Amino acid sequence: MTDNGGTHRRAGRRWLWIVAGIAAVGAVCAVVGIWHLPGRMYPGTSDGAVQARAALQGGLLTAAAALTAVAGGLIALDETRQANAEVRRANENTHVRELYASAISQLGSDSLDVRLGGIYALERVARDSAADQRTVVEVLSAFARVHSTDPALRPDAPDSASPILHAVDVHAAVTVLARLPILNGVPRADLVGADFTGPATLHRLQAPGGILAGVSLGEADLSGANLARVKLRDADLTDACLMLADLTEADLTGADLTGADLTSAVGLTQEQVGAASGDSRTRLPAGLISPASWVSGV
């Protein structure tokens, strides 16, 4: 992620020091000139020569003082700006810490609205502080894994009064993970072992480059989802709907496509199909064929 603001600040500071240096050199030259220039420019002992030398010395002394003041002022300005920047950074760090602590407490609330507020607050933390994005990714990934697998939190739990509530917050967490800025060395998400079956729909999920290895997505609605370059190794996609899903360069090695509907999936290749498993019920886009092992059940 490019920090244009930081680049501009560094460039501005560099030019400030260049100007301060020029002013300082000019001041030194003026001081040196006081002792050498007047005598060379106005030799002799006449009253006119003496007055001319005095006037030139006075002018050079004034110039030296002015240039010294300019150099000193620019240096002081830079120090002030640096001090202010440190204060701003400290305030920003305090803001991020407070927002993060508040968001974490919200994730444990019994209220859907409060949980959603915590999820989107964590997104704000990740966007405001690149250094904290990895932590946010880990927290939201854990939230999605736990809330999609804990029997008490499953949206299809028999005693769940409001089945949709937990489906909404899990979907929100995964959506936020998928749309965070891409940073070198920071994973998109780690949802290994999560279970997005049934009501926990991920319809139109945008997760290019994400990690969904080993995820249970049986019967999940992934229609229109952007799964380009997503790692779906060993994922359970049994009876999942992947119509219009973008699977360009997705890793489907070992993925179970039994009964899955991929009739209008985008970017799916025969090589990807061959790396996955399926059966005679698996529907593929026109032009692709089911491997013999799918039909024979080998």
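We're numbering straight along the sequence, starting at 1. Model, not experiment: these values are computed from the prediction.
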* Any side-chain donor-acceptor pair under 3.5 Å between T282 and D279? -> yes
**Item:** Whether S223 side chain and A245 backbone form a donor-acceptor pair below 3.5 Å
**Value:** no
In sequence, state the C-alpha distance, the side-chain angles, and the governing distance for D251 and T253, and then conclude on side chain to side chain donor-acceptor pair (under 3.5 Å). CA-CA 6 Å; D251 184 356; T253 304; 2.8 Å; yes
Review point. Does R115 use its side chain to pair, donor to acceptor, with the backbone of D110 at less than 3.5 Å?
Key: yes
Next item on the list: Could you give me the CA-CA distance, side-chain angles and deciding distance for E123 and L180, then say whether side-chain contact (heavy atoms from CB on, under 4.5 Å) is met?
Entry: CA-CA 7 Å; E123 180 180 17; L180 286 175; 4.0 Å; yes
State whether the side chain of N226 and the backbone N or O of A228 hold a donor-acceptor pair below 3.5 Å, judged by distance alone.
-> yes
Indicate yes or no for a side-chain donor-acceptor contact from S109 to the backbone of Q106 under 3.5 Å, with no hydrogens or angles considered.
no
d(E249 CD, E271 CD) to nearest 0.5 Å is 10.5 Å
| Any donor and acceptor pair, going by atom type alone, linking the side chain of W17 with main-chain N or O of I75 inside 3.5 Å? | no
Is it the case that the side chain of R53 and the backbone of G44 share a donor-acceptor pair, with hydrogens and angles ignored and the cut-off at 3.5 Å?
yes
The reported gap from CD1 in I289 to CH2 in W294 (rounded to nearest 0.5 angstrom) is 10.5 Å
- What's the verdict on side-chain contact (heavy atoms from CB on, under 4.5 Å) for D190 and V137, showing C-alpha distance, side-chain angles and the deciding distance? CA-CA 8 Å; D190 182 1; V137 166; over 6 Å; no
Margin query: Test your reading of the model: is there a side-chain donor-acceptor pair from S105 to the backbone of S102, 3.5 Å cut-off?
Written below: yes
Review point. Do T269 and Q272 get their side chains close enough for a donor-acceptor pair, meaning under 3.5 Å?
Key: yes
- request: Could you give me the CA-CA distance, side-chain angles and deciding distance for T68 and V31, then say whether side-chain contact (heavy atoms from CB on, under 4.5 Å) is met?
  value: CA-CA 10 Å; T68 300; V31 170; over 6 Å; no
Here the gap from D169 atom CG to S148 atom OG, rounded to the nearest 0.5 Å, amounts to 10.0 Å
> What about Y120 and L99, same hydrophobic cluster or not, with Ile/Leu/Val/Met/Phe/Trp/Tyr joined at side-chain heavy-atom distances under 4.5 Å?
Replying inline: yes
Q.
Please determine whether side-chain contact (heavy atoms from CB on, under 4.5 Å) holds for the pair D239 and R281, giving the CA-CA distance in whole Å, both sets of side-chain angles, and the decisive distance to 0.1 Å.
A. CA-CA 9 Å; D239 296 319; R281 297 184 300 115; 3.0 Å; yes
Regarding D261 and T263, is there a side-chain donor-to-acceptor distance under 3.5 Å anywhere?
-> yes
Q. Would one find more than 12 heavy atoms of other residues, nucleotides or ligands at under 6.0 Å from atom CD of Q270?
A. yes
- Task: Measure from the side-chain N and O atoms of T175 to the backbone N and O of H171, and report whether any donor-acceptor pair falls under 3.5 Å.
- Result: yes
